[in-house]
Protein chains: 2
Amino acid sequence: MIHRSPNHEEAGVSKATLSRMPAYLRYLKEESVKGVEYVASAAIAKDMAVSAVLVRKDLALVSSVAGRPRLGFEVNGLIADIEKFLGYDNVSDALIVGVGGLGRAFLGYEGFKNYGLNIVAGFDVDPRLVGTKIAKKPILPLDELTNFVRQRNINIGIITVPKGAAQGVCDRMVEAGLKAIWNFASVKLSVPNGVIVRYEDLAASLAMLSGELFNVLDKK
Amino acid sequence: MIHRSPNHEEAGVSKATLSRMPAYLRYLKEESVKGVEYVASAAIAKDMAVSAVLVRKDLALVSSVAGRPRLGFEVNGLIADIEKFLGYDNVSDALIVGVGGLGRAFLGYEGFKNYGLNIVAGFDVDPRLVGTKIAKKPILPLDELTNFVRQRNINIGIITVPKGAAQGVCDRMVEAGLKAIWNFASVKLSVPNGVIVRYEDLAASLAMLSGELFNVLDKK
DNA sequence: GATTTATCGATAACGATATATCGAAAGGAA
DNA sequence: TTCCTTTCGATATATCGTTATCGATAAATC
């Protein structure tokens with residue numbers, strides 16, 4: 001999960017660019033298994049919904065070798081660069097607090113490993129859950145959060161509790177030493193400097209979807 | 001789900017603005033139950049991480065009454081305006097295809113109703129699931145999708161199948177007449193004009209999170 | 001080897017979004 | 001009533017991300 005890119009120093013890459021990287025990676029892997037050696041930015045652009053120029057700009061930020069005129073980018077080299085950049089070569093551990101519907105689904109979902117994330121345990125307050133396992137991962141009581149984080153040297157916590165409990169969980173995560181929080185409860189969390197929060201706000205997303213839907217239905 | 005706002009005609013509101021509306025709404029409701037009658041844009045801004053100017057700009061787009069100098073915005077009126085704007089007063093039905101971990105969680109999650117979305121049924125290809133119910137909602141075979149959509153006049157479909165199956169499901173949704181698709185499989189979907197797709201790409205989100213994490217850990 | 005052409009990379013233009021500034025309005029205080 | 005202060009709303013400015021343009025490069029072809 002930790003980035004060890006060769007060439008992006010402290011510059012920092014925009015979130016927009018970052019968010020496209022997994023899609024580039026997926027496409028490149030598909031081409032790679034087909035035996036394709038070089039792909040043009042235009043081909044990548046066509047596969048996802050972006051412009052070729054943007055693809056080149058993005059790739060310029062992470063690629064260790066330049067694209068070759070008339071050929072394009074070298075597929076396998078680029079895959080390696082992006083994986084290194086995204087830290088997928090270096091799967092990092094995370095834990096999840098809130099083993100309800102969504103939390104349970106996440107614990108059981110093996111796909112996160114492909115994105116460099118390994119959820120190693122769940123935490124919950126419900127005593128009926130504590131002590132059980134989901135997908136071979138232990139469910140522990142919240143009290144053990146701090147110890148667990150310190151022992152296993154974990155940086156990332158995922159919050160999937162109801163929104164009323166989110167800030168409390170967040171505080172404990174911060175106290176335990178977590179540095180990044182992926183929050184699925186739709187509340188704003190306050191955290192000290194140095195801790196980052198990423199919101200996965202389904203309500204916001206849904207608002208955008210229905211907003212667009214409105215425009216479409218209304219326009220005819 | 002369909003917007004019936006009094007004052008934003010065909011103008012269209014930016015996605016960014018749209019995405020903040022649920023957060024405004026949440027804050028305003030919290031204040032409302034406390035008995036607060038007026039709130040200043042600065043107070044709202046402080047609660048979430050945006051500037052007061054931005055709050056005023058956003059609210060100007062949806063509010064039927066202007067904010068009052070020295071007092072701020074009238075809480076309850078504003079709540080009504082936003083709910084109307086977002087269509088939360090008019091819950092619309094949706095269906096979900098893919099009753100795996102995430103799909104199951106969504107079917108069981110009652111909270112979507114608060115956001116104007118009512119998931120009425122799940123669809124899956126697994127014959128062991130078909131015929132069962134989750135949270136009182138029937139699981140149906142994919143073949144019945146088209147009939148179901150037409151009979152119930154549904155506009156929104158949610159895709160929670162593995163990515164290999166996503167485009168196929170998407171095609172069937174389009175054929176059935178769905179107008180908006182909320183896609184949780186991280187693949188780009190191709191749809192004809194007039195159908196809108198909203199991507200919920202956890203891989204992209206995770207990339208952003210870890211990107212920020214990298215910056216934080218690296219900066220010290 | 002010369003020519004053609006697909007493709008890149010850099011720079012500049014554009015558009016959308018967020019911020020800063022400032023005059024105006026209205027509640028509250030003198 | 002008059003003045004002061006808060007807060008709004010409008011306009012202008014800045015920032016960020018995307019797109020457009022164009023010369024340069026190197027593979028492919030003749």
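So you know, we letter chains A, B, ... as the sequences are listed, proteins then strands, and number each from 1. When reading the values below, keep in mind they use all heavy atoms of this one structure, side chains included, and skip hydrogens, waters and symmetry mates.
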If you round to the nearest 0.5 Å, how far is [atom2] of [Y] from [atom1] of [X]?
X: A/Met208; Y: B/Thr17; atom1: CE; atom2: OG1; answer: 10.5 Å
X: A/Leu28; Y: A/Glu74; atom1: CG; atom2: CD; answer: 10.0 Å
X: B/Arg198; Y: A/Leu206; atom1: CZ; atom2: CG; answer: 10.0 Å
X: B/Arg26; Y: B/Met48; atom1: CZ; atom2: CE; answer: 6.5 Å
X: A/Ser210; Y: B/Leu117; atom1: OG; atom2: CG; answer: 8.5 Å
X: B/Leu107; Y: B/Lys137; atom1: CG; atom2: NZ; answer: 6.0 Å

Each nucleotide N or O in nucleotides 27-30 of chain D that has a protein N or O under 3.5 Å away: list the pair and distance.
from   : atom 1 : to      : atom 2 : distance (Å)
D/dA27 : OP1    : A/Arg68 : NH2    : 2.8

Under 3.5 Å, side chain of A/Thr160 to main-chain N/O of A/Ala185, donor-acceptor pair present?
->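 Between the backbone of A/Ala185 and the side chain of A/Thr160 there is no qualifying donor-acceptor contact (under 3.5 Å).
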May I have the step-by-step check of side-chain contact (heavy atoms from CB on, under 4.5 Å) for A/Phe123 and A/Val161, ending in yes or no?
-> CA-CA 10 Å; A/Phe123 289 79; A/Val161 299; over 6 Å; no
Heavy-atom side-chain proximity of B/Tyr88 to B/Pro22 below 4.5 angstrom |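 Of all side-chain heavy-atom pairs linking B/Pro22 with B/Tyr88, at least one is under 4.5 Å.
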Sequence neighbours left out, what passes side chain to side chain donor-acceptor pair (under 3.5 Å) with A/Ser32? Give chain and number order.
->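 Per chain and number, A/Ser32 pairs via side chain to side chain donor-acceptor pair (under 3.5 Å) with A/Asn76.
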Decide yes or no on side-chain contact (heavy atoms from CB on, under 4.5 Å) for B/Ile156 and B/Ser92, but give the supporting numbers first.
-> CA-CA 8 Å; B/Ile156 300 176; B/Ser92 75; 4.0 Å; yes
Under 30°, 30 to 60°, or over 60°: which ring-plane class applies to B/Trp182 and B/Phe106, parallel, tilted or perpendicular?
->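 B/Trp182 and B/Phe106: parallel rings.
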On DNA chain C, reading 5' to 3', which nucleotide is the first and which the last to sit with an atom under 4.0 Å from a heavy atom of chain A, could you check?
->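 So the outermost contacting nucleotides come out as C/dT5 to C/dG9.
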Where along residues 21-38 of chain B does a heavy atom fall under 4.0 Å from DNA chain D?
->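 DNA chain D contact set from residues 21-38 of chain B: none.
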So which of residues 186-199 of chain B are in contact with DNA chain C, with a heavy-atom cut-off of under 4.0 Å?
->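 Contacts with DNA chain C under 4.0 Å: none.
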When you measure from every atom of DNA chain C, which of residues 43-59 of chain B have a heavy atom less than 4.0 Å away?
->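 By residue number: B/Ser51, B/Val53, B/Leu54, B/Lys57.
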When you look at B/Arg150 and B/Thr146, which way does the side-chain contact (heavy atoms from CB on, under 4.5 Å) test go after all the steps?
-> CA-CA 6 Å; B/Arg150 291 185 184 160; B/Thr146 300; 3.3 Å; yes
Electrostatic pair A/Arg172:A/Glu175 at N-O distance under 4.0 angstrom =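 Salt bridge flag = no for A/Glu175 with A/Arg172.
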So, is B/Ser41 near the phosphate of D/dT7, with a side-chain N or O under 4.0 Å from OP1 or OP2?
->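 So the side-chain polar atoms of B/Ser41 never come under 4.0 Å of the phosphate oxygens OP1 or OP2 of D/dT7.
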Give one of base, sugar-phosphate or nothing for B/Thr17, where a contact means two heavy atoms less than 4.0 Å apart.
->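 The residue B/Thr17 makes no contact with any strand.
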May I ask you to check whether over 12 heavy atoms, not counting those of A/Lys15, lie within 6.0 Å of atom NZ?
->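 Check fails, neighbour count at 12 or below.
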